[in-house]
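Owing to the predicted nature of the structure, the values given are computational and were not obtained by experimental measurement. Note on naming: letters A, B, ... go to the chains in the order of the sequence lines (proteins, then strands), and numbering restarts at 1 for each one.
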There are 2 protein chains.
Amino acid sequence: MAREAGVSKATASRALQRPDMVAEATRQRVQEAAERLGFQPNAAARALTTGRTGLMGLIVPTLSNPFFAPLVIGAQQAAEDTESHLLIAVSEYDAEREAALADRLSEQADGLIMVTPVGSDAALRERGRRRPLVLVDRQVGRLPAVVADTVAGLAELLDHLLALGHRDIAYVSGPAGSWADEQRRAMLTARASDAGARIHVLGPLPPTFDAGIEASAALPDAATAALAYNSYLALGLLHGLGVAGRRVPEDISLAAADDLSTLSATTPPVTALDVPLQAVGTLAVTRLHELITGHRRTVTSRLPAAPVLRASTAPPRSL
Amino acid sequence: MAREAGVSKATASRALQRPDMVAEATRQRVQEAAERLGFQPNAAARALTTGRTGLMGLIVPTLSNPFFAPLVIGAQQAAEDTESHLLIAVSEYDAEREAALADRLSEQADGLIMVTPVGSDAALRERGRRRPLVLVDRQVGRLPAVVADTVAGLAELLDHLLALGHRDIAYVSGPAGSWADEQRRAMLTARASDAGARIHVLGPLPPTFDAGIEASAALPDAATAALAYNSYLALGLLHGLGVAGRRVPEDISLAAADDLSTLSATTPPVTALDVPLQAVGTLAVTRLHELITGHRRTVTSRLPAAPVLRASTAPPRSL
DNA sequence: TTGTATGCGTTATCAC
DNA sequence: GTGATAACGCATACAA
């Protein structure tokens with residue numbers, strides 16, 4: 001130990017952790033001794049006494065979908081601000097796998113952030129009881145959560161289509177069992193019906209380009225607009241429609257419920273929902289930090305998602 | 001502690017860690033007691049005695065560029081196989097920041113994987129001396145490294161262009177100070193010259209879509225083909241050329257030195273280099289694990305990058 | 001302001 | 001096969 005500085009380890013520890021609890025002169029000596037020896041504090045030992053590892057676990061369903069990159073980036077930034085690091089794991093949309101990962105991460109981290117579209121409410125509740133837990137894009141009871149309000153955003157998007165005159169709108173839905181997808185479906189159906197319009201649900205479908213192509217052939221004839229669960233489905237739809245000779249937006253309008261950057265570079269650019277995922281990531285880490293330090297009881301935060309209107313949506317032909 | 005099972009903690013520990021060193025009956029009792037109490041081993045305490053945290057640090061320059069996603073995914077998978085977790089941090093291409101992150105991660109992790117296009121050789125050498133370190137896409141002395149052989153792949157790509165008949169080829173280069181970029185430039189210039197052709201270097205440029213657009217206007221008149229440092233530059237070039245009324249590949253051929261998925265969905269699809277980044281990530285973790293467990297002295301592994309020929313490359317007009 | 005002593009939860013050593 | 005017991009390296013309560 002750095003009693004190269006000629007002090008007790010207690011003083012050394014203080015000099016590095018609580019510089020103000022020690023005489024300036026000794027602080028300097030310790031500092032220098034530490035440098036000279038290339039002293040590296042042992043995180044494990046510190047964690048053992050303090051009960052804090054300074055690590056936060058982050059479980060995402062996948063990293064293949066660039067959709068999640070901003071979330072990780074945002075979380076990363078906030079983690080830095082709280083002097084902690086991120087332990088990232090990937091569940092592959094598998095509830096069992098996710099549970100195993102969460103268990104293992106719990107041993108190492110001070111708390112967990114989970115974006116878990118699958119996975120049972122009960123399991124999450126139980127997990128939240130044991131250790132600090134923040135959910136992302138999902139609400140379970142009174143568990144702390146940060147959600148991007150895609151439902152409200154989607155409502156705006158729907159309103160936009162309705163205002164354009166669309167009355168038969170296809171919703172190309174996402175993976176089976178997705179919590180978010182169910183919320184959206186319910187909202188769309190109800191809201192459309194209130195406005196005297198109809199939602200034609202296709203799916204559930206895997207949220208992929210190929211599934212979008214297939215869906216493009218299955219769109220009901222009546223539909224003058226299609227709303228896709230995500231960008232990949234939208235890109236597939238665009239491609240499929242193009243191949244089939246149906247023009248967007250002349251023959252059919254198209255919009256997506258999330259907004260990967262490619263959507264703005266297609267022909268035509270696709271109307272989409274800007275989901276503030278980076279902010280979600282940042283906020284989730286902040287919340288978890290509050291939870292860990294016990295600074296505050298936190299509940300659900302809701303970040304608005306806003307439609308980005310592009311050239312792929314226009315009034316239906318019949319008008 | 002789980003002496004709910006009526007055994008000493010020593011036995012309890014053994015029952016859970018070395019099941020074969022304990023009588024089957026007691027193993028069961030301990031097991032059950034652990035379940036009942038929801039016992040969670042404390043990773044910090046274990047790390048303190050064993051000297052292993054089971055964590056690996058991974059520092060990437062950015063996560064905004066989907067280029068790195070496969071790397072993380074590959075690393076993730078391999079980490080799972082070695083029973084370890086990944087601590088991921090982002091350097092933002094900032095050497096100073098990177099150094100700070102590396103220092104902090106070193107305290108927590110058993111070793112580090114760094115993909116560091118910037119950052120000085122000397123600093124990396126020193127770091128490699130202190131703790132297990134694996135470099136990605138970079139070689140520094142005899143430090144263990146895993147590199148995707150984009151230089152060799154690019155040579156193939158160049159050969160392809162030469163075989164098509166191109167003699168004046170623009171290389172739209174990447175960020176200033178990039179290790180990989182320099183390697184490429186040198187190879188291209190030398191190899192082209194050997195074949196009686198010329199490389200026109202544009203840049204250094206930020207590896208972005210917008211920079212690609214600008215570069216498209218700056219291409220030398222003589223150039224019948226352009227090779228871009230990465231997909232974003234290639235997409236920008238494609239866009240810029242399209243706007244300017246120059247057709248790809250009729251007027252000019254285009255290729256990229258990496259291969260984001262969008263390149264295959266453009267019009268025309270863009271010839272590119274398939275960089276096996278996922279395999280790189282996997283191998284890097286495997287190497288680091290070997291290093292940590294001392295199973296093997298490892299040096300540089302080189303994974304081949306192969307050209308994917310698409311419609312954006314064709315013989316030059318003049319032929 | 002500084003030093004001494006204790007404990008964090010686990011594994012390793014050495015008896016039994 | 002099992003049980004005491006001593007580390008591991010740090011932070012703190014308490015004493016000086």
Answer yes or no: side-chain N or O of B:Arg27 and base N or O of D:dG1 forming a donor-acceptor pair under 3.5 Å. no
Under 4.0 angstrom between B:Thr11 side-chain N/O and D:dT2 OP1 or OP2: no
Of A:Thr49 and B:Arg14, whose closest DNA chain D nucleotide lies nearer the 5' terminus? B:Arg14
For the side chain of B:Phe39, starting at C-beta, report the closest nucleotide among C:dT2, D:dA4, C:dT10. C:dT10
For B:Gln17 and C:dT11, is the shortest distance between a side-chain N/O and OP1 or OP2 below 4.0 Å? yes
Ion pair present between A:Arg97 and B:Glu80, side-chain N to carboxylate O less than 4.0 angstrom? yes
Hey, does A:Arg18 reach any base, or is it just sugar-phosphate, or nothing, if we go heavy atoms under 4.0 Å? sugar-phosphate
What does B:Gln40 touch in the nucleic acid at a heavy-atom separation under 4.0 angstrom: a base, only the sugar-phosphate, or nothing? sugar-phosphate
Between CZ on residue A:Arg302 and CG on residue A:Asp149, distance to nearest 0.5 Å: 5.0 Å
Does OP1 or OP2 of D:dA11 have a side-chain N or O of A:Ser13 closer than 4.0 Å? yes
Atom-to-atom span, CG of A:Leu16 to C1' of C:dT2 - whole angstrom: 15 Å
Tell me if a side-chain donor or acceptor on A:Gln139 pairs with a main-chain N or O of A:Val147 at a distance below 3.5 Å. no
How many Å lie between CD on A:Gln28 and P on C:dT1, as a whole number? 15 Å
Taken to the nearest whole Å, CD/A:Gln108 to C1'/C:dG9 is 14 Å
What integer distance in Å separates A:Asn42:CG from C:dT10:P? 16 Å
Any salt bridge between B:Arg138 and B:Asp121, counting N to O under 4.0 Å? yes
Quick one: A:Arg52 CZ to C:dG9 C1', roughly how many Å, whole number? 18 Å
Distance check needed: C:dT13 P versus B:Lys9 NZ, whole Å only. 17 Å
Can you work out whether B:Glu24 or B:Leu48 has the more 5'-proximal nearest nucleotide on DNA chain D? B:Glu24
Counting only side-chain heavy atoms from C-beta out, which of C:dT10, D:dA4, D:dG9 sits nearest to B:Ala10? D:dA4
Would you mind reading off the distance between B:Met21 atom CE and C:dA12 atom P, rounded to a whole angstrom? 9 Å
side-chain N/O B:Thr50 vs C:dA12 OP1/OP2, d < 4.0 Å: no
Keeping the roles fixed (side chain from A:Ser106, backbone from A:Ala102), state whether a donor-acceptor pair exists under 3.5 Å. yes
